Amino acid sequence: MEPQITQGFDELCKELIQQMAREKCTLIVFLPGIADITSFYECMAPLDTSRADRRSSLETSWRDNDDVRPSGNNSTGEVALRIYPMHSLIPREEQEEVFNAPPAGVCHVVLASNIAESSLTLPSVCAIIDLAMRRSIQYDARRLMSCLVTTWCSQSSCKQRSGRSGRTMPGRAVRLITRSFFDSEMVEFDPPEMLNAPLTKLYLQAKQLTSKLDNMWEKGLIPEGIEMDLTTPTKLLGEVVQPPSTTLVEAAIRELADVGCINRPFEDALITPLGYIAMALPCELRLCRLLYLGLMLKCPCDAIAMVAGLTAADPFSTPSLLVIKDQKEYSQKLKRSFDARLWCDAGRHSEPIMLRDLFSHWIQAGAPRGPKAMGAFARDWNIIPKKFEALVSEAIDLCTRLVKLLPPRSHGHTSISRMMSAMRFSVDRREELVKAQFPTDSEYKKIFSEDVSLMRALVCGGFSDQLLVHLKPRWAPSGGGKKKKEEQIVEIMKKQCLDYRGTVCLLNPPQELRSWNNAEENHQRLCEAMIGERAKRIYWDEKEKLLFYDFKGEAKAKRRGKGGAILPDEGWDEEVNTDAVISDVCPQAHRLHQFGAGRWKFNVSFTSAEDAEALDAGGWHKEPYEILKPIQPFLISWEVVQHAAAIDPGGGGKGKGGKGAKKVAGVKAMPDWRNPVGFCCHAAGTMPSEEHLGVCASVQGLESGASAFVAGATVLGLNHIPLLLTTIDPTKWQGKWGFDYNS
């Protein structure tokens, strides 16, 4: 039986919660992942008394008479419910209230992933509801990527969850599976990590160990009579208690050869210098390659800042409606967070360079450490101090390891030592990390490169085998047949003189907002509820059921360029960005997309003109409006370029059009919706339509196989193609490249 939440489970859990809730207690509902937690949180929201209190306050603010207000109903009787989400993606600081004991008359309901299984302890747990599912990362050897899949929990994991209740008081545990399924279908224990994780680093270590064992054997240091075959890494890994599958080992060999850690994809290959660096650093292979290229290109500090930023958790604030129950406050915090990201990105649409610039600004500010010293910097850049401290710790650790590997007085050693000095640390003669004073000279200001092209080349080389492409833009004329939705939108925008870069639209917004004479006012209130400001112009297309928000307005909108494109006014951008690769849309369009956290559907609560009149008459629109994800026709839709092994895993595929050949479905890439690259568009509108390239630091596939999360994405220009050709498929191209030390 497939592990999935069937229709009606949310209502069943909702009823169970109301039956099992007790005052001064905590009830835990174990759900697979953040998407399920979000969906169930919205289902449970009407029962949350804290939300009801806020709604009453909102109603009161619309009344002139404070004595008249709608009465809240407690659907659970005497016990009031407070709903809390708990997931690793939600900052711990924003979940502090759930760790306090529930007051009298209140029951805390915690919607949690397996983070609450053993990592955290909640007070006064009286009951749990367990769906017996979890989200776990498994390595797909065919696609050469890690995938996030939903699986059944093991029996031991379910028992661990049950043990969360009844520790300090009598408790109950309800598993939403049958006893026979638990006994006969669920495994007793979780499998070892080695059976599901990529083996690249482990294979390198095994390869180095077999080489050392060969030398020891030749010198007679290994006693005779040992019945173990340790001649190759594969055979060595086969001697462990639960050996990994041959498929995983072969996938590790292919990936190591593709990245450049071994010189060819065979068992007898040699470990390259990059391979030895990868064994010495606690980083993923491509991040190690980024550091290696940073040393070769004489910009090691930039590479370290990028790798530290990509390894640590996102340091910027990440507001969520799961935690911030006041929608207006959420919208304001979302704006401040995106403004900080946008400033660091500076129109370059590169997450690694954005994080590197944030780190550079911290160095320029004197590298403050500690909550008090970092307070002003954290407020200015809208970052979470603890998360940024973790990023700095990653950078210090990388610097310490690299300094020990590099020869003294080399360029890399000198640059990294200066960077450590700027972070108030140094490595002494015994290779131990010691504290140091902040440098008194200005050399620390020169450790980062100002060449953006070099930074793009560095990122391109580091992640070149994880390629993203945007081919055949959907807005471009298809030349016959039914027009795509994006084509229709562009035609409407052109006809109505809507600004390409300043406009975003909603498909089929709630009908009731257009059923009265206040349709435009309702649409403006909807926009204001999501991003805290109104559009300069609104256009409703009745035929296509499209609502257009133009944040640029009508002034000079008819100024057209080549191909009929409506050009933005002079002064639309504060300054011309020569580093930009694409012509992106305005920040308001990004924030409309971010309000729904990148989801296809989301809810918005706001007071329409009719609701305001109803409030004055004693009524209230209690249900939020359901909104579909905003549309921008020039949105760059990324696709992950699949590895040759994923397309033809057997290696015996037929030629083009030959027998056995089949079309491979593309994998849709989903960048981080919180960053500028998450909703980046190329709104030039010129013909012929432009195609785009990009790279990413990591790819995490979803179980459907049709889409994947990508992290550390960077938009590249077509001038980077020469750097990409040699690593797209090394086996096919037989290409080799390096650096000329004499140039």
Side-chain angles (χ1 to χ4, degrees), residues 139 141 143-146 198-208 211 233-234 248-300 302-304 306-307 310-311 352 398 401-402 405-406 412 454-468 640-646 693 695-699 712 714 716 720-741:
Y139 187 71
R143 291 192 285 169
L144 297 182
M145 68 171 67
S146 297
L199 303 177
T200 48
K201 288 287 191 78
L202 185 61
Y203 182 87
L204 280 177
Q205 294 169 350
K207 192 169 187 63
Q208 187 182 39
S211 177
T234 301
L248 280 176
V249 176
E250 291 174 351
I253 295 174
R254 289 199 306 270
E255 187 171 357
L256 287 168
D258 289 347
V259 175
C261 293
I262 55 178
N263 63 346
R264 57 200 192 108
F266 298 106
E267 191 84 63
D268 59 348
L270 300 176
I271 301 177
T272 64
L274 174 58
Y276 286 107
I277 289 179
M279 285 190 288
L281 299 177
C283 301
E284 194 269 342
L285 293 181
R286 289 160 187 84
L287 298 180
C288 293
R289 183 165 65 180
L290 184 69
L291 291 169
Y292 179 73
L293 294 177
L295 290 168
M296 301 299 288
L297 295 173
K298 297 185 177 181
C299 52
D302 302 273
I304 290 171
M306 291 181 191
V307 171
L310 293 170
T311 303
L398 289 172
R401 293 173 184 268
L402 286 172
L405 294 174
L406 298 172
L454 177 62
M455 295 298 99
R456 287 190 185 276
L458 174 62
V459 173
C460 177
F463 308 136
S464 56
D465 61 325
Q466 296 191 149
L467 184 63
L468 308 176
V640 179
V641 175
Q642 297 187 73
H643 194 276
L693 298 173
V695 292
C696 62
S698 64
V699 180
T714 297
L716 300 173
H720 290 87
I721 287 181
L723 285 175
L724 295 167
L725 287 177
T726 55
T727 49
I728 291 177
D729 192 344
T731 306
K732 176 181 177 181
W733 290 94
Q734 293 294 326
K736 295 183 178 180
W737 58 282
F739 298 92
D740 184 0
Y741 284 98

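Worth saying up front: this structure is predicted, and the values here are computed from it rather than measured.
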key: For the student: nearest non-hydrogen atoms of Ala269 and Asn263, plus distance   = CB-OD1, 3.2 Å
task = Quick one: pull up CG in Leu458 and OH in Tyr292 and give me the separation to the nearest 0.5 Å.
result = 13.5 Å
query = Just wondering, do Leu256 and Tyr203 contact through their side chains at under 4.5 Å, heavy atoms?
reply = yes
task = To the nearest 0.5 angstrom, please state how far the CG atom of Asp258 sits from the OG atom of Ser464.
result = 10.0 Å
query = Taking all atoms of both residues into account, what is the closest heavy-atom pair of Val459 and Pro352, and its distance?
reply = CG2-CB, 4.2 Å
query = Distance from Arg456 atom CZ to His720 atom NE2, nearest 0.5 Å?
reply = 6.5 Å
task = Measure the shortest side-chain to side-chain distance between Leu402 and Leu281 over non-hydrogen atoms and say whether it is less than 4.5 angstrom.
result = yes
task = Apply side chain to side chain contact (heavy atoms under 4.5 Å, CB included) to the pair Met455 and Cys299, showing each step before the final yes or no.
result = CA-CA 9 Å; Met455 295 298 99; Cys299 52; 4.0 Å; yes
message = Given 3.5 Å as the limit, does a donor-acceptor pair link the side chain of Arg289 with the main chain of Leu274, or not?
response = no
query = Of all residues at least two apart in sequence or in a different chain, which pass the side-chain hydrogen bond (donor to acceptor under 3.5 Å, both in side chains) check with Thr234?
reply = Glu267
query = Taking all atoms of both residues into account, what is the closest heavy-atom pair of Ile253 and Pro265, and its distance?
reply = CG2-C, 3.6 Å
inquiry  = Does Cys283 form a side chain to side chain contact (heavy atoms under 4.5 Å, CB included) with Leu398? I'd like the steps, not just the answer.
reply    = CA-CA 9 Å; Cys283 301; Leu398 289 172; 3.5 Å; yes
ask   = When rounded to the nearest 0.5 angstrom, what is the spacing between NZ in Lys298 and CG in Leu454?
value = 11.5 Å
ask   = Does a side-chain heavy-atom distance below 4.5 Å link Val259 with Thr200?
value = no
Any residue meeting side chain to side chain contact (heavy atoms under 4.5 Å, CB included) with Ser698, in chain and number order, not counting sequence neighbours = Ala711
inquiry  = Considering only residues two or more places apart or on different chains, which pairs with a residue in residues 269-280 satisfy side chain to side chain donor-acceptor pair (under 3.5 Å)?
reply    = none
query = With sequence neighbours excluded, what pairs up with Leu693 under the side chain to side chain contact (heavy atoms under 4.5 Å, CB included) test?
reply = Val469, Leu718, Ile721, Leu724
inquiry  = For a side chain to side chain contact (heavy atoms under 4.5 Å, CB included) check, start with the C-alpha distance between Val640 and Leu468, then their side-chain angles and the critical distance, and finish with the verdict.
reply    = CA-CA 5 Å; Val640 179; Leu468 308 176; 3.9 Å; yes
request  = Kindly write out the residues that satisfy side chain to side chain contact (heavy atoms under 4.5 Å, CB included) with Ala206, not counting sequence neighbours, or none if the list is empty.
outcome  = Pro233, Leu236, Leu237
remark   = To the nearest 0.5 Å, atom CD1 of Ile262 lies from atom CG of Asp268 at 9.5 Å
note = The complete set of salt bridge (Lys or Arg N to Asp or Glu O under 4.0 Å) pairs with one or both residues in residues 269-284, sequence neighbours excluded, reads Glu284-Arg286
note = dist Lys207:NZ -> Leu204:CG (nearest 0.5 Å) comes out at 9.0 Å
ask   = Do the side chain of Lys201 and the main chain of Leu285 share a donor and acceptor less than 3.5 angstrom apart?
value = no
key: Shortest non-hydrogen contact between Val695 and Cys460, atoms and distance   = CG2-CA, 4.3 Å
query = For the residue pair Thr311 and Val307, what are the closest heavy atoms and their distance?
reply = OG1-O, 2.7 Å
note = In terms of heavy-atom contacts, Phe463 and Cys696 come closest through CB-O, 3.2 Å
